[in-house]
2 protein chains.
Amino acid sequence: MDSIQVGDFKFRLDLSKPLYEQVLQHIRQTIARGDVLLGTKLPSVRDLAHQLKLNPNTVMRAYQELDRYHLTETRRGQGTFITSDSETVELVKKALAREAVIAFVSSMKNLGIDRSTTESLLKEVAWHE
Amino acid sequence: MDSIQVGDFKFRLDLSKPLYEQVLQHIRQTIARGDVLLGTKLPSVRDLAHQLKLNPNTVMRAYQELDRYHLTETRRGQGTFITSDSETVELVKKALAREAVIAFVSSMKNLGIDRSTTESLLKEVAWHE
DNA sequence: TAAGTGTTACATTTGATATAATACACTTAA
DNA sequence: TTAAGTGTATTATATCAAATGTAACACTTA
């Protein structure tokens with residue numbers, strides 16, 4: 001387990017994708033899953049960068065992206081906080097789910113696999129909740 | 001419609017992903033869907049490169065990847081041909097489908113969405129076969 | 001032999017990513 | 001008032017994958 005816990009957030013980074021994107025996704029998932037209280041303060045840019053051994057600019061980029069989703073609110077001089085609006089979280093969660101579903105259906109259609117076959121395949125996959 | 005037809009193959013390229021990967025995927029899909037006869041000759045590297053306005057090396061990379069899947073067989077001096085072994089095509093198709101399903105389930109789990117909710121979402125998506 | 005194939009090998013360019021270092025702006029608490 | 005802790009911005013640099021440009025080589029077929 002080469003994952004790093006920083007405050008309420010857990011990170012496991014690799015080289016498969018841009019680092020700023022992975023940081024963004026980890027935090028976004030933590031929020032969407034409800035694994036952290038709304039209103040919680042994120043680690044400071046410098047702190048997270050130091051603990052993940054990343055450049056502050058890289059973390060900044062992830063945080064700004066979160067702000068753009070309105071999943072966080074940044075208060076200059078204070079820090080970046082998870083939104084307290086549960087509705088926003090729910091909307092983002094639904095949007096991400098919808099994106100995933102659409103991308104998935106698209107892949108299956110591209111392969112020429114029909115709906116019922118897709119549903120069968122889905123049933124074959126273990127789903128440890 | 002900014003897609004380009006070259007022989008039996010249709011391509012629509014953008015900047016979202018590496019070009020060689022898009023070329024690979026288009027051809028792979030065409031084969032997997034059964035939209036082209038087994039044994040068919042692919043456009044020559046130079047020809048496809050010219051028509052798609054790509055560098056021959058970029059097309060080469062896609063073709064070599066296809067060979068690695070055994071979806072094509074390359075005969076030096078003759079060209080690159082789609083395999084005549086339908087079983088190979090079927091195996092690759094299943095492998096790709098499986099990958100897609102696993103990736104999808106993983107996304108949904110990361111969002112904290114359970115199986116039945118996922119199945120419901122899937123039903124909401126239009127599926128023009 | 002010539003034309004059409006795939007193949008290989010460079011050098012080069014480009015763009016995204018990431019780092020490094022520094023300075024600035026704001027908030028909070030000592 | 002000050003110091004420490006926040007986010008923010010800027011500029012330069014480094015790195016890597018992707019893509020291009022160019023050229024040559026090897027093989028097959030007509």
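Side chains included, hydrogens not; waters and symmetry mates left out as well; all remaining heavy atoms used.
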When you measure from the side chain of B/Lys41, which nucleotide among D/dT6, D/dG21, C/dT5 comes out closest? C/dT5

What is the distance from atom CD1 of A/Ile102 to atom CG of B/Leu122, rounded to the nearest 0.5 Å? 11.0 Å

Any side-chain N or O of A/Thr58 less than 4.0 Å from the OP1 or OP2 oxygen of C/dA18? no

Would you say A/Tyr20 places a side-chain N or O within less than 4.0 Å of OP1 or OP2 belonging to C/dA18? no

Distance check: side-chain N/O of A/Ser44 vs OP1/OP2 of D/dT6, anything under 4.0 Å? yes

Counter-base of D/dA30, judged by Watson-Crick or G-U geometry with both distances under 3.5 Å: C/dT1

Tell me which nucleotide among D/dG7, C/dA9, C/dA21 gets nearest to the side chain of A/Asn57. C/dA21

Would you kindly check whether a donor in the side chain of A/Arg46 faces an acceptor in the base of D/dG5, or vice versa, at under 3.5 angstrom? no

Would you call A/Glu90-A/Lys94 a salt bridge at under 4.0 Å N-O? no

Any side-chain N or O of B/Gln78 less than 4.0 Å from the OP1 or OP2 oxygen of D/dT29? yes

So does B/Tyr63 get a backbone contact from the side chain of B/Arg68, meaning a donor-acceptor N/O pair under 3.5 Å? no

Walk me through whether A/Arg61 and A/Glu65 qualify under salt bridge (charged side-chain N to carboxylate O under 4.0 Å, His left out). CA-CA 6 Å; A/Arg61 191 164 173 185; A/Glu65 197 74 15; over 6 Å; no

Nearest-nucleotide check on DNA chain C, B/Asp67 vs A/Pro18; residue mapping nearer the 5' end is B/Asp67

Report the nucleotide, chosen from C/dT19, C/dT17, D/dG21, that has the shortest atom-to-atom distance to any side-chain atom of B/Asn55. D/dG21

Is the distance from OP1 or OP2 of D/dA18 to the nearest side-chain N or O of B/Arg61 less than 4.0 Å? yes

Between atom CE in A/Met60 and atom C1' in C/dA21, what is the gap in whole Å? 16 Å

Relative to the 5' end of DNA chain C, which residue comes earlier, B/Gly79 or A/Pro56, by the nucleotide with the nearest heavy atom? B/Gly79

Would you tell me if any nitrogen or oxygen in the side chain of B/Gln64 comes within less than 4.0 Å of OP1 or OP2 on C/dT8? yes

